[in-house]
Amino acid sequence: MPNNASAEKRMRQEQKRRAHNRSVKSRVRSTITKARTAITTDSVAFDASEAAVRAAISELDRAAKKGVIHKNNASRRKSRLMKQLNTTKVSEK
């Protein structure tokens, strides 16, 4: 437990930040999962899967901008998503 007022305040701030970061990361993970599902599912049209990937990229950029994840981490994930989209859907076009 904190021994002084500044340590107590630091704990309160950390709790708020942790909750915020957790919600942002959760949103990123869910949009990435939706995009991957849209890519791999045959019944989903290319336009729909492209829109899902675009939404995931937007969430990744937003999380990197807020400092929740590192910008290179976001860039790597975006690259992998685009690679999956291009390799699986180009043959189906």
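A donor-acceptor pair under 3.5 Å links the side-chain atoms of S30 to the main chain of S26, judged by distance alone.
Scanning all heavy atoms of the two residues, the minimum distance from A38 to S49 falls at O-CB, 3.6 Å. Nearest heavy-atom pair, K71 versus A64, reported as atom, atom and distance to 0.1 Å: CA-CB, 4.1 Å. Listed here is the closest heavy atom pair of A56 and L81: CB-CD1, 3.7 Å.
Side-chain N/O atoms of R10 and Q13 include a donor and acceptor closer than 3.5 Å. Between the side chains of R76 and N72, no donor-acceptor pair of N or O atoms lies under 3.5 Å.
Separating the CD1 atom in I57 from the OG1 atom in T31 is a distance of 10.0 Å, to the nearest 0.5 Å. One distance of note links CE of M1 with CD of E8; it measures 7.5 Å at 0.5 Å rounding. Between atom CG of residue N21 and atom NZ of residue K16 there is a gap of 14.0 Å, rounded to the nearest 0.5 Å.
Screening V44, N86, T87, V53 for a side-chain contact (heavy atoms from CB on, under 4.5 Å) with I39, the sole residue that qualifies is V53. Of the residues listed (K25, R22, R27), the one engaging V68 in a side-chain contact (heavy atoms from CB on, under 4.5 Å) is K25, and it is the only one.
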| field | Intermediate values then yes/no, side chain to side chain contact (heavy atoms under 4.5 Å, CB included), R36 and T33 | value | CA-CA 5 Å; R36 286 197 181 131; T33 303; 5.8 Å; no
| field | side chain to side chain contact (heavy atoms under 4.5 Å, CB included) between L60 and I32, intermediate numbers included | value | CA-CA 9 Å; L60 283 165; I32 288 174; 3.9 Å; yes
| request: Would you please test V28 and R77 for side chain to side chain contact (heavy atoms under 4.5 Å, CB included) and show each step? | output: CA-CA 11 Å; V28 166; R77 290 182 184 195; 3.8 Å; yes
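At a threshold of 4.5 Å between non-hydrogen side-chain atoms, the residues H20 and K66 count as touching.
More than 12 heavy-atom neighbours from other residues, nucleotides or ligands sit within 6.0 angstrom of CG on N4. No more than 12 heavy atoms of other residues, nucleotides or ligands sit less than 6.0 Å from atom NZ of K34.
Remark: K78 engages D61 in a salt bridge, criterion side-chain N to carboxylate O under 4.0 Å. Between E14 and R17, none of the side-chain N atoms (NZ, or NE/NH1/NH2) sits under 4.0 Å from a carboxylate O, so this pair counts as no salt bridge.
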